[in-house]
Chemist: 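Pasting a structure here, questions to come.
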Amino acid sequence: MFRFCYQFFFILILLTNDALASEDRKISLSDYVYLALSESEQMLDINEQLFLSKLDLETAEYKFDSKFVPLASIGSAQSGNIQSAGGEWSKLTSYGTSFSAGITGGMSGEEDDRVATSNTYIQLSQNLFRGWGQKYNRSSLTIAEYNQEKKNIYLQKIRQTVIKTAIQKYYKALLSEKFVESAQRSYQRATENLEVSKSRQTVGLVSKSDVYRANIALLNSESSFKDQQKLNQTRIEDLHEYVRLFEIGYLNPEDKIIRFHPVIPYNWEAEVLDNNFDWISYRIDQQISKLNLFKAEQDLNPDVSLNLKYGATTTGKSFGDDNTTSDEYWSVQLRLNSTFDLFSEKQSLARQKIAVARLERNGESLKRKIFRDIRENINSLKAEDRRLRISDEKMKQSEKAFELARIRYERGLINNLELIEAENDLYNSELENFQAQIGYNLASVELAFSLSTLTEEWLEQTLLPVDADLQAKNTN
């Protein structure tokens with residue numbers, strides 16, 4: 001309830017505060033994920049599918065509800081006018097037993113020779129052989145319940161898919177902003193270095209070739225800056241589009257990035273199949289397939305029903321006439337409702353056997369894929385962790401190298417291009433470190449998604465600070 005209110009007011013502020021419409025709004029990663037979970041097309045689509053699945057389930061349940069059917073007719077025959085009215089109550093049980101009871105009354109004949117008749121009856125019908133048992137007669141409802149369960153599982157998977165996609169889009173937009181900042185810094189440095197080169201060339205400290213090279217560097221940095229601006233605009237538009245905010249400028253990622261702290265469960269191999277959405281859906285498909293096979297086997301039996309009926313008919317001049325005659329009747333019947341030609345039933349059985357066998361084979365492949373994906377994601381996370389540690393060290397070395405280059409340039413030991421190169425190395429190492437942090441976080445997300453643990457709670461917990469040594473132990 002708290003999360004729903006949070007999302008509602010957050011969206012309300014975004015959409016109704018016109019005073020801030022022209023300003024860039026910084027949004028945190030967790031806030032953007034919550035926004036995507038309530039506003040993305042995927043979530044709206046799955047909610048509609050859940051509603052349709054619920055309708056299918058209610059339709060299957062309706063088959064076993066009690067029903068009342070009004071019976072009425074009016075017309076004319078050779079013997080005179082005919083009018084009748086009444087009703088019938090019926091109910092089908094999940095065991096294949098059908099109950100019905102009804103009463104009708106009517107008048108027929110000419111005005112001077114009218115006859116009033118009434119009929120009451122109760123009847124019972126029980127399917128034998130083919131339609132015997134609750135499992136067979138309830139199969140359509142059972143399958144509808146299984147499908148509803150699959151939709152609920154699918155909803156959980158879609159939620160985690162939305163979380164993963166939202167994080168990916170958020171980091172793409174954040175990284176593109178960093179590239180823009182880097183390109184802008186390069187452009188500004190190139191502009192300043194061109195001016196410095198011109199002034200130093202004027203007093204004879206550098207040659208004219210240094211000015212030419214500085215001018216070329218400026219043109220290259222300007223072109224790169226414009227390209228990065230276009231890419232960043234596309235990323236920001238994509239960020240808005242995913243949460244159905246079509247006026248650009250409402251959302252921008254925060255400038256900082258928080259390093260995730262994922263934990264790899266030591267016993268994940270023993271628990272993964274119990275939590276994996278694809279495997280759970282597969283097991284449900286197995287149950288549906290086996291039920292369809294059972295039904296196809298039952299359909300080879302003859303469709304015979306036992307029908308019992310008891311009723312009474314009353315005839316008189318009017319319904320209140322004392323001089324009426326009453327006749328009781330009953331019947332017991334065995335009725336054959338199927339033909340001896342079982343071609344269609346045998347074809348259906350053969351198809352169901354193939355479907356069950358194919359599903360068994362797919363299950364083995366699915367199991368191998370689940371474990372393979374998780375192991376690959378664990379290895380990817382470890383590789384990203386190593387890359388991040390190397391990047392941290394490279395950034396420290398680049399800072400030292402730039403400081404040394406700056407001192408040497410001030411003493412006239414190197415030219416401005418060498419200083420620019422050292423400065424570019426520093427900025428590139430910072431950008432590389434930023435990319436490594438994003439790569440590590442995305443690898444954490446992929447692993448959590450493959451383990452079916454990528455929930456809002458996982459995101460909140462993994463953003464909490466932890467001890468560095470403990471983090472290294474959990475990753476390794």
Chemist: Distance-only, no hydrogens or angles: does the Thr165 side chain make a donor-acceptor pair with backbone N or O of Val162 under 3.5 Å?
Modeler: no
Chemist: What's the separation between atom OH in Tyr171 and atom CG in Leu29, rounded to the nearest 0.5 Å?
Modeler: 5.0 Å
Chemist: Pair Glu254, Ser28 - check side-chain hydrogen bond (donor to acceptor under 3.5 Å, both in side chains), show working.
Modeler: CA-CA 6 Å; Glu254 290 182 336; Ser28 68; 4.8 Å; no
Chemist: Answer yes or no: are there more than 12 heavy-atom neighbours, outside Lys226 itself, under 6.0 Å from its atom NZ?
Modeler: no
Chemist: Could you tell me whether Glu393 and Arg389 make a salt bridge, using a distance below 4.0 angstrom between a side-chain N and a carboxylate O?
Modeler: no
Chemist: To the nearest 0.5 Å, how far apart are CG in Asp278 and OG in Ser452?
Modeler: 7.5 Å
Chemist: Using modelled atom types and a 3.5 Å cut-off, is there a donor and acceptor pairing between side-chain atoms of Ser289 and backbone atoms of Asp285?
Modeler: no
Chemist: Given 3.5 Å as the limit, does a donor-acceptor pair link the side chain of Ser450 with the main chain of Leu447, or not?
Modeler: yes
Chemist: Yes or no on side-chain hydrogen bond (donor to acceptor under 3.5 Å, both in side chains) for Gln229 and Gln233, after CA distance, side-chain angles and deciding distance?
Modeler: CA-CA 6 Å; Gln229 282 182 317; Gln233 181 67 18; over 6 Å; no
Chemist: Mark yes or no: Lys157 above the aromatic ring of Phe277, with NZ or CZ under 6.0 Å from the six-membered ring centre and no more than 45 degrees from the axis.
Modeler: no
Chemist: Output, in order, the C-alpha distance, side-chain angles, deciding distance and verdict of salt bridge (Lys or Arg N to Asp or Glu O under 4.0 Å) for Glu399 and Lys396.
Modeler: CA-CA 5 Å; Glu399 290 172 350; Lys396 294 177 182 178; over 6 Å; no
Chemist: Taking the six-membered ring of Phe51 as reference, does the NZ or CZ atom of Lys151 fall below 6.0 Å from its centre and within a 45° cone about the axis?
Modeler: no
Chemist: Looking at side-chain heavy atoms only, is the closest gap between Arg361 and Arg358 below 4.5 Å?
Modeler: yes
Chemist: Please check if the side chain of Asn377 supplies one atom and the backbone of Asp373 the other of a donor-acceptor pair under 3.5 Å.
Modeler: yes
Chemist: Do any N or O atoms from the side chain of Asn232 and from the backbone of Gln228 form a donor-acceptor pair under 3.5 angstrom?
Modeler: no
Chemist: Please name the pair of heavy atoms, one in Gln49 and one in Tyr154, separated by the smallest distance, quoted to 0.1 Å.
Modeler: OE1-CE2, 3.9 Å
Chemist: Evaluate Tyr440 against Arg387 for side chain to side chain contact (heavy atoms under 4.5 Å, CB included), listing each step before the verdict.
Modeler: CA-CA 8 Å; Tyr440 180 81; Arg387 177 191 171 199; over 6 Å; no
Chemist: Does the side chain of Gln134 come under 3.5 Å of the side chain of Ser94 through a donor N or O and an acceptor N or O?
Modeler: yes
Chemist: Please check if atom CH2 in Trp132 has more than 12 non-hydrogen atoms from other residues, nucleotides or ligands closer than 6.0 Å.
Modeler: no
Chemist: Looking at CG of Leu431 and CG of Leu175, how far apart are the two atoms once the value is rounded to the nearest 0.5 Å?
Modeler: 6.5 Å
Chemist: Given side-chain hydrogen bond (donor to acceptor under 3.5 Å, both in side chains), test Asn267 with Glu271 step by step and report yes or no.
Modeler: CA-CA 7 Å; Asn267 61 337; Glu271 300 177 354; 2.8 Å; yes
Chemist: Using every non-hydrogen atom in the two residues, find where Arg235 and Ala173 come nearest and quote the distance to one decimal.
Modeler: CB-CA, 3.8 Å
Chemist: Apply side chain to side chain contact (heavy atoms under 4.5 Å, CB included) to residues Ile143 and Leu291 and explain how you reach the verdict.
Modeler: CA-CA 8 Å; Ile143 291 175; Leu291 182 56; 3.7 Å; yes
Chemist: I'd like to know if Glu403 and Arg406 make a salt bridge, using a cut-off of under 4.0 Å between side-chain N and carboxylate O.
Modeler: yes
Chemist: Could you check whether any side-chain N or O of Gln160 sits under 3.5 Å from a backbone N or O of Leu454, counting only pairs where one atom can act as donor and the other as acceptor?
Modeler: yes
Chemist: Give a yes or no on whether Lys172 atom NZ has more than 12 heavy-atom contacts from other residues, nucleotides or ligands under 6.0 Å away.
Modeler: no
Chemist: Work out which heavy atom in Ser98 is nearest to a heavy atom in Leu92; give both atom names and the distance.
Modeler: CB-CD1, 4.2 Å
Chemist: Apply the test side chain to side chain contact (heavy atoms under 4.5 Å, CB included) to residues Ile284 and Gln287: give CA-CA distance (whole Å), side-chain angles for both, the deciding distance (0.1 Å), then the verdict.
Modeler: CA-CA 5 Å; Ile284 296 174; Gln287 298 299 320; 5.6 Å; no
Chemist: Just wondering, are more than 12 heavy atoms of other shown residues or ligands nearer than 6.0 Å to CZ in Phe225?
Modeler: yes
Chemist: Between Trp458 and Thr453, which heavy-atom pair has the shortest distance, and what is it?
Modeler: CB-O, 3.1 Å
Chemist: Quick check: does any side chain N or O of Ser38 sit under 3.5 Å from a backbone N or O of Leu35, one acting as donor and the other as acceptor?
Modeler: yes
Chemist: Assess the side chains of Arg159 and Gln156: does a donor N or O sit below 3.5 Å from an acceptor N or O?
Modeler: no
Chemist: Examine distances only and state if a side-chain atom of Ser348 and a backbone atom of Ser344 form a donor-acceptor pair shorter than 3.5 Å.
Modeler: no
Chemist: Regarding Glu241 and Lys169, does a basic nitrogen lie under 4.0 Å from an acidic carboxylate oxygen?
Modeler: no
Chemist: Return yes if some donor-acceptor pair links the side-chain N/O of Asn137 with the main-chain N/O of Gly131 below 3.5 Å, else return no.
Modeler: yes
Chemist: Looking at Phe68, I'd like to know if its CZ atom is crowded, meaning that more than 12 non-hydrogen atoms belonging to other residues, nucleotides or ligands lie closer than 6.0 Å.
Modeler: yes
Chemist: Can you tell whether the side chains of Glu61 and Lys54 come within less than 4.0 Å, N to carboxylate O?
Modeler: no
Chemist: If you measure only the distance, is there a donor-acceptor pair under 3.5 Å linking the side chains of Asn337 and Ser305?
Modeler: yes
Chemist: Is the backbone of Ile258 close enough, under 3.5 Å, to the side chain of Asn441 for a donor and an acceptor to pair up by distance?
Modeler: yes
Chemist: What residues, two or more places apart in sequence or in another chain, satisfy ring pair (Phe, Tyr, Trp, His ring centres under 6.0 Å) together with Tyr282?
Modeler: Trp279
Chemist: Determine, stepwise, if the pair Glu446 / Ser380 fulfils side chain to side chain contact (heavy atoms under 4.5 Å, CB included).
Modeler: CA-CA 9 Å; Glu446 287 290 349; Ser380 296; over 6 Å; no
Chemist: Report yes or no: do Tyr242 and Gln42 form a side-chain donor-acceptor pair below 3.5 Å?
Modeler: yes
Chemist: If you draw a 6.0 Å radius around OH in Tyr95, do more than 12 non-hydrogen atoms from other residues or ligands fall strictly inside?
Modeler: no
Chemist: Supply the atom-to-atom distance Ile280 CD1 to Arg283 CZ, rounded to the nearest 0.5 angstrom.
Modeler: 10.0 Å
